[in-house]
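Notes follow once the structure below has been shown.
In this text the structure is predicted, and so the values were computed from the model without any measurement.
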Amino acid sequence: MGDTHRKGLNADSVWNDLENCCRGEALCVKCQGESCIIGFARQCIRNYQREPQKEVPGGTERVPVMDFKVFDEEELEKAIAHILKECKDCKEDHTENCIINVIRNCYEVGLLGDIHPYEGSALQYLMFLKANFPDRAARIAEIYMES
């Protein structure tokens, strides 16, 4: 698959979703940067914009899973649906440190409380969500189908 994404990554769209999910300094008092799920994802996108690479070195291990801030659930649902659209459905070529996977992991921590398995297929992931988080899955699938 190489070092860059096959069809590219719409970094501007991902950035907009991250901005919509960010609580901002008005609510967080001070930006926590990479120790915040949104701050970490933003840093990944900034790095991608400077040098488009498929992988985030050590990305999955660096997702701040102990970030317990409350985020806007609707914005996170939209962001997950949008990042699933960015997925290239690489299936057996899927890597955990793919930038799309790492950013989705960040959204999951904020919405679902933890990182969940992903097998390189948006459809399989939506089915996993339906089995484990039916209410959220319905909203994410609806947004996914509309976008």
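- Once rounded to the nearest 0.5 Å, the distance linking SG of Cys28 with CD of Glu25 reads 8.5 Å.
- Of the possible donor and acceptor atoms, none in the side chain of Ser13 sits under 3.5 Å from a partner among the backbone N and O of Asn10.
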Check your understanding: So Leu129 and Arg136, side chain to side chain contact (heavy atoms under 4.5 Å, CB included) or not? Walk me through it.
Key -> CA-CA 7 Å; Leu129 289 180; Arg136 300 215 187 278; over 6 Å; no
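- In this structure, the side chain of Asn97 engages the main chain of Gly59 through a donor-acceptor pair within 3.5 Å.
- Side chain of Ser121 to main chain of Lys91: no donor-acceptor pair is present (N/O by atom type, distance under 3.5 Å, no hydrogens or angles).
- Between Lys78 and Glu75 there is a salt bridge, since a side-chain N of the basic residue sits under 4.0 Å from a carboxylate O of the acidic one.
- Counting non-hydrogen atoms of other residues, nucleotides and ligands closer than 6.0 Å to CD of Glu51 gives a total of 12 or fewer.
- Applying the ring-ring contact (aromatic ring centres under 6.0 Å, His included) test to every pair with at least one member in residues 124-147, sequence neighbours left out, gives these pairs: His116-Phe128, His116-Phe133, Tyr118-Tyr125.
- Within the 3.5 Å criterion, the main-chain N or O of Val109 finds no donor-acceptor partner in the side chain of Asp114.
- Transitive grouping of hydrophobic side chains (ILVMFWY, heavy atoms separated by less than 4.5 Å) brings Tyr107 and Met66 into a common cluster.
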Review point. So Leu126 and Ile140, side chain to side chain contact (heavy atoms under 4.5 Å, CB included) or not? Walk me through it.
Key: CA-CA 8 Å; Leu126 289 169; Ile140 292 169; 3.8 Å; yes
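- Between the side chain of Asp89 and the main chain of Ala122, a donor-acceptor pair closer than 3.5 Å is present.
- A continuous path of hydrophobic side-chain contacts links Leu84 to Met145 [ILVMFWY only; heavy atoms under 4.5 Å].
- Side chains of Asn47 and Gln43: a donor-acceptor N/O pair is present below 3.5 angstrom, by distance only.
- Here Asn101 contributes atom CG and Glu86 contributes atom CD; the two are 13.5 Å apart, rounded to the nearest 0.5 Å.
- Scanning all heavy atoms of the two residues, the minimum distance from Gln124 to Glu119 falls at OE1-CB, 3.4 Å.
- Contact annotation: the side chain of Phe40 approaches that of Val102 to within less than 4.5 Å [non-hydrogen atoms, C-beta and beyond].
- Taking the side chain as every heavy atom from C-beta outward, Lys88 and Asp93 never approach each other to under 4.5 Å.
- By the rule that hydrophobic residues join a cluster once side-chain heavy atoms approach within less than 4.5 Å of another member, Ile100 and Ile143 end up as members of separate clusters.
- For the atom pair CD1 (Ile103) and NE2 (His82), the distance works out to 14.0 Å, reported to the nearest 0.5 Å.
- Placement of Val29 and Phe68 in two distinct hydrophobic clusters is found when ILVMFWY residues are connected by side-chain heavy-atom separations under 4.5 Å, directly or transitively.
- The line from CG of Asp72 to SG of Cys22 is 12.0 Å long, rounded to the nearest 0.5 Å.
- A donor-acceptor pair is defined here as one N or O able to donate and one able to accept, closer than 3.5 Å; such a pair exists between the side chain of Asp67 and the backbone of Ile37.
- A distance of 5.5 Å separates CD1 of Ile99 from SG of Cys44, quoted to the nearest 0.5 Å.
- To the nearest 0.5 Å, atoms CD (Gln49) and CZ (Arg42) are separated by 11.5 Å.
- With salt bridges taken as basic N to acidic carboxylate O contacts below 4.0 Å, one links Glu34 and Arg62.
- Side-chain atoms of Asn16 and Glu19 form no donor-acceptor pair, as typed in the model, at a separation below 3.5 Å.
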